[in-house]
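Remember, predicted model here, so these are calculated numbers, not experimental data. One-based numbering along the sequence shown.
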Amino acid sequence: MTRRSVARAPAKAILLGEHFVVSGTRAVSASLGLYAYAEAEELKLWPSEIVSIELGLRVTIPGPDLSYSGPAELQPIAAVLRALRARDFDIPAFRLTIRSEIPDGAGLGSSAAASAAAALALAGLVGSDMSRDELFMVTMEGERVAHGNPSGVDPVTVVNGGVILFRKGDGVIDRHERLEGVSLVVADSGIRRSTMGPVSSVLSLLERLGSVKRHLLSAVDEIVGAAWESIRVRSFERLGMLMNINHGLLSAIGVSTPELEEIVYAARRAGALGAKLTGAGLGGSVIALAPFGSEGAVQEAMGRRARWATALYAGVQGASLISEA
């Protein structure tokens with residue numbers, strides 16, 4: 001009987017703190033109800049195969065040394081394979097098929113979700129359990145290939161799920177199961193960009209600020225801390241205000257665009273408590289905090305200026321194995 005294993009991992013949105021989190025501030029992120037799925041099927045003989053449905057790619061892994069010379073888009077998955085082998089997972093010949101609801105390059109954690117789902121599916125194929133910490137470390141190897149110098153907020157969010165307070169080097173500082181009492185509307189601008197470029201640009205800018213850098217990072221960390229307290233006590237008007245301030249800082253450091261600004265201000269005019277870009281910026285997605293009853297109007301206003309917009313559940317379960325046989 002052919003062994004199969006299927007896993008999934010959610011998208012993520014950074015609610016506050018992107019870019020600055022790479023330099024040591026805290027950030028707040030949430031898992032979202034969009035998923036990447038990975039199905040691993042055991043083959044009788046090598047070579048193995050990785051298939052990406054959305055990217056239209058099919059690459060061959062010649063043998064058990066897991067050497068890879070395929071397109072760059074699947075290099076993160078190849079890094080996950082090497083990370084599993086380094087941790088003594090005995091991976092047989094396989095076909096790994098990845099399909100995703102998460103748009104690529106939209107700031108919603110598509111690469112982290114695909115890497116986490118792939119790692120879980122392959123581990124499930126050989127009947128091995130993975131702890132959350134181990135899955136994070138393996139997923140992080142894929143993120144290093146995808147993004148160069150990641151903070152770790154994407155993989156820690158898709159692996160653990162929920163709403164997370166995070167700091168680079170410390171990991172999860174605090175966690176809530178979900179964002180309750182308000183809707184999170186997500187709009188994809190349709191403008192694609194890599195994460196490496198904006199991150200490198202912001203790091204360079206911060207270094208040129210001299211002593212101002214310390215004050216800016218301190219202010220952002222205070223904003224994030226206040227936002228976490230607002231989530232704890234369900235003070236969503238205050239949370240929205242803090243999101244707006246965070247967006248203003250992101251715009252000031254040059255990672256917003258006229259198209260993103262249009263979506264942000266459309267959301268606010270339609271009744272959002274707060275709206276901001278999420279992720280690396282220079283394209284990608286916008287998130288809006290909408291009171292119950294106004295999410296439809298906010299979604300419609302954002303959708304008129306974006307590729308798509310939808311209200312998503314914030315705080316879904318993290319990466320999980322959903323079947324094995």
### Query
Is Phe236 linked to Val224 within one hydrophobic cluster, defined over Ile, Leu, Val, Met, Phe, Trp and Tyr using a side-chain heavy-atom separation of less than 4.5 Å?
yes
### Message
Pairing donors with acceptors under 3.5 angstrom, does anything connect the side chains of Arg214 and Ser218?
### Response
no
### Query
With a 4.5 Å limit on heavy-atom distance, are the side chains of Leu250 and Phe20 in contact?
yes
### Query
Is the backbone N or O of His247 less than 3.5 Å from a side-chain atom of Ser251, with the two atoms forming a donor-acceptor pair by type?
no
### Task
Any salt bridge (charged side-chain N to carboxylate O under 4.0 Å, His left out) involving residues 80-90? Give me the pairs, sequence neighbours left out, ordered by first then second residue.
none
### Summary
Between Glu18 and the options Thr25, Val202, Val220, Asn246, the side-chain contact (heavy atoms from CB on, under 4.5 Å) test singles out Asn246
### Query
Quick one: do Asp221 and Arg167 make a salt bridge, cutoff under 4.0 Å?
yes
### Query
Judged by atom type as modelled, is there a donor-acceptor pair below 3.5 Å linking the side chain of Ser5 to the main-chain atoms of Ala121?
yes
### Message
Can you see whether Ser100 engages Glu54 through a side-chain donor-acceptor pair at a distance of less than 3.5 angstrom?
### Response
no
## Note on the structure
Rounding to 0.5 Å, atoms CD (Glu259) and CG (Leu282) come to a distance of 10.5 Å
### Message
Donor-acceptor check, side chain of Lys12 to backbone of Gly161, threshold 3.5 angstrom: yes or no?
### Response
no
### Message
Looking at Gly284, is its backbone amide N or carbonyl O close enough to the side chain of Ser189 to form a donor-acceptor pair, meaning the two atoms are under 3.5 Å apart?
### Response
yes
#### Entry: Euclidean distance, Ser128 OG relative to Leu120 CG, rounded to 0.5 Å
11.5 Å
### Arg3: which of Glu41, Glu42, Glu39 passes salt bridge (Lys or Arg N to Asp or Glu O under 4.0 Å)
Glu42
### Query
Distance-only, no hydrogens or angles: does the Thr157 side chain make a donor-acceptor pair with backbone N or O of Val153 under 3.5 Å?
yes
### Message
Would Arg268 and Asn244 count as a side chain to side chain donor-acceptor pair (under 3.5 Å) here? Give the steps.
### Response
CA-CA 9 Å; Arg268 294 177 189 173; Asn244 290 342; 3.0 Å; yes
### Message
Under a 3.5 Å distance rule, please check whether His19 uses its side chain to pair with a backbone N or O of Ala280 as donor and acceptor.
### Response
yes
#### Entry: Heavy-atom check, side chain of Ile91 versus side chain of Val126, under 4.5 Å
no
### Query
Excluding sequence neighbours, so at least two apart, what forms side-chain hydrogen bond (donor to acceptor under 3.5 Å, both in side chains) with Arg132?
none
### Message
When you measure from the side chain of Asp188 to the backbone of Ser285, do you find a donor-acceptor pair of N or O atoms at a distance under 3.5 Å?
### Response
no
### Message
Tell me whether the rings of Phe94 and Trp46 are parallel (<30°), tilted (30 to 60°) or perpendicular (>60°).
### Response
perpendicular
### Query
Under 3.5 Å, side chain of Ser31 to main-chain N/O of Val316, donor-acceptor pair present?
yes
### Query
Given the rule in the salt bridge (Lys or Arg N to Asp or Glu O under 4.0 Å) test, do Glu177 and Arg175 qualify, once you have shown the distances and angles that lead to the verdict?
CA-CA 7 Å; Glu177 284 296 323; Arg175 180 179 180 274; 2.7 Å; yes
### Task
Could you tell me which residues satisfy salt bridge (Lys or Arg N to Asp or Glu O under 4.0 Å) with Glu49, sequence neighbours excluded, listed by chain and number?
Arg58, Arg95
